[in-house]
Visitor: 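Got a structure for you, questions after.
Indexing begins at 1, ligand by ligand and atom by atom, following the structure's order.
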Amino acid sequence: MSDTIRRGIKAFLLLSTLGGSLVAAEPSGRLYDPKVHDRFDWWGDVDGFLEAQARRTLDLADQAFVKYPPQLPEPMERKMALYMLDGVMHEQDAPKRASVQEFLRYRIERSLREIETTRVSKGAMIWKLYNETFVIRTASVTLAFDLVRGRLRGVEGFGLPDDLVAKIAGHCDVLFISHRHRDHADESVARLFLDQGKPVVAPPEIWRGKPIHTEITHLDRIPHKQHLLKVKGGAVSLKVTVYPGHQGSDIENNVPVVITPEGFSFVQTGDQSNENDFVWIDEIHKHYAIDVLMPNCWSTDIHRLADGFRPQLIIPGHENEMGHTIDHREPFWLTYNRLFESLYPLMVMAWGERYHYLRPTLSR
Ligand SMILES: [Zn+2]
């Protein structure tokens, strides 16, 4: 290298130093702290490398979700962030990773802060928490569907702390449990609601033979039959129809249509997956005008399911259920494939996101 070139490079570097760094530092969110996590050599430490990569990825995805909250049309940045989650979550041992556990906790803690402080005067605020947990607030009532801690057998540290879920439950007026599986039904959470005098609606077979069974509200599972369900100590009445769904051939799976005093109607389908149930699914739109359908993303013939409800909006759930092996952990990219060309608007949401639903038409 000639002296002239060397002097030129030196001058350039000097100017660069004076003018600030050539490469802007990548902003870090809550999950990635350069002081703690920066390390530049991973040779011989494959697990440490994968953990660092997961942490960096989740941190950036979290920032993307904050910058691009749920909206239609959907910005590409959101889809990219959701696919980034798929990449991390579909490592077999992902639920054991500290970064994944922190990501879930952190995002649901943020939801709790929002749930504690959000007042709704128009429409409905919809939070999607873990798996198929939804919390929905209108001006008069807060509904919870399949609220669980998300603990996994044999995986220490994954799931939500008791006090976090207890605080969320404290802000909800009623709990709907779809079916008996532990990613949907959590007896300790049901206990919290019952102890506060709040109804818990579930199919008859959940906890049969246990003392708690007599305290559960078992509404008739009869297609199109509407029940009045009093909540908030009788101050508010919900109209509820419990459709007699099933997971597979024989697991009772409630599919409740819940109508709030404002006239908003919500459906969460639990693990609905049964061909014969289309007998009533196909007919639902003739009985109810559905605002938001929250189906399990892997439900049987999801387009036909959606056609049964004809909702104003679909918010799918059950992506990245970490208790499953990766083939049934259900990535977001597959949700997009399954609901490709959906006739109904689709809003895909990550753990701990919220969306303010306003009914798009005034026709009903
Ligand atoms: Zn499930």
Visitor: Is the distance between the ring centroids of F145 and F176 under 6.0 Å?
Guide: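 That pair passes the under 6.0 Å test.
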Visitor: Can you tell me if H184 has an N, O or S atom under 2.8 Å away from the Zn ion (ligand 1)?
Guide: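 For H184, the answer is yes, given that an N, O or S atom comes within less than 2.8 Å of the Zn ion (ligand 1).
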Visitor: Where the Zn ion (ligand 1) is the centre, what is the OD2-to-NE2 angle for D183 and H318, rounded to 10°?
Guide: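 Nearest ten degrees: 90°.
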Visitor: Both conditions, 6.0 Å and 45 degrees, for the charged tip of K96 above the ring of F158: are they met here?
Guide: no
Visitor: Please name the atom of D271, restricted to N, O or S, that is closest to the Zn ion (ligand 1).
Guide: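 D271's closest N, O or S atom to the Zn ion (ligand 1) is named OD2.
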Visitor: About how many Å separate CG of D271 and CG of D183, when rounded to the nearest 0.5 Å?
Guide: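 If we round to the nearest 0.5 Å, D183:CG and D271:CG are 6.0 Å apart.
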Visitor: Using the ring centroid of each side chain, check whether W298 and H318 are separated by less than 6.0 Å.
Guide: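 W298 vs H318: aromatic centres under 6.0 Å.
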